[in-house]
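Data block below; observations after.
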Amino acid sequence: AATDRLALSVDLYAHRSSGLLEPGDGPAREAGVDPGALLAGHPPHDGRAAGIEAAARLDVGPWTLGASGALALAEVRPATGGDWRPSAYSRPVALGLIAQRARGPWTAAVRLDAESGLAGLNGTRDRVGLRASAAVGVHGESAGLRWTALAQATARPPTRTTPAPFDPDL
């Protein structure tokens with residue numbers, strides 16, 4: 001933390017794993033599939049990932065402002081060997097902004113997130129994913145219990161598009 005009003009963080013990570021169930025092509029991606037067929041469509045994979053995440057938070061009076069970002073690489077290959085490819089869950093770039101205001105027991109916040117599109121099996125990537133959220137909450141104490149009530153709304157446009165050429169820099 002830089003000051004009482006400003007907080008900064010940076011995290012680096014790298015890890016490897018095995019036995020990951022990565023989705024494959026075919027009917028296992030459809031609704032209503034029995035578990036055996038679902039597992040058959042998710043063969044075991046080895047995985048590797050590395051990235052950096054950074055965040056900043058600034059308290060200005062009743063306002064808290066924040067920004068975050070991440071750069072990451074997540075790849076898989078069949079457990080039997082083969083070439084590394086982006087994981088179906090890989091999001092190489094993620095950015096977020098938040099503004100929150102507290103007044104007495106009430107808190108309100110808005111947040112905007114943008115993330116790289118998910119990688120497809122055929123070398124394509126979905127379009128950038130956007131998400132906007134708004135929340136309001138209240139907290140209190142009664143009968144010796146602390147409680148919180150929260151309402152949140154989130155909007156996100158569809159991200160699945162006509163396949164575009166895979167761009168590893170997204």
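- In this structure A132 satisfies the side chain to side chain contact (heavy atoms under 4.5 Å, CB included) test together with L112, sequence neighbours excluded.
- Atom OG of S87 and atom CG of L118 lie 8.5 Å apart (nearest 0.5 Å).
- Side-chain N or O atoms of R101 include none that pairs as donor or acceptor with a backbone N or O of P62 at under 3.5 Å.
- With rounding to the nearest 0.5 angstrom, the CG atom of L71 is 8.0 Å from the CG atom of L95.
- Residue W106 places its CH2 atom among 12 or fewer non-hydrogen atoms of other residues, nucleotides or ligands, all under 6.0 Å distant.
- Side chains of P157 and L130 form a contact here, defined as non-hydrogen atoms less than 4.5 Å apart.
- Between R57 atom CZ and L65 atom CG the span is 11.0 Å, to the nearest 0.5 Å.
- Considering CD of E53 and OH of Y13, their distance stands at 5.5 Å, rounded to 0.5 Å.
- Hydrophobic clustering, with ILVMFWY side chains joined whenever heavy atoms are under 4.5 angstrom apart, keeps Y89 apart from V76.
- For R48, the salt bridge (charged side-chain N to carboxylate O under 4.0 Å, His left out) partners two or more places apart in sequence, or in a different chain, are E75.
- Between the side chain of R125 and the backbone N or O of G117, at least one donor-acceptor pair lies under 3.5 Å.
- By the 4.0 Å N-to-carboxylate-O rule, R111 lies close enough to D113 to be salt-bridged with it.
- Both L12 and V93 are assigned to one and the same hydrophobic cluster, defined by single-linkage of ILVMFWY side chains at heavy-atom distances under 4.5 Å.
- Here L58 contributes atom CG and R5 contributes atom CZ; the two are 5.5 Å apart, rounded to the nearest 0.5 Å.
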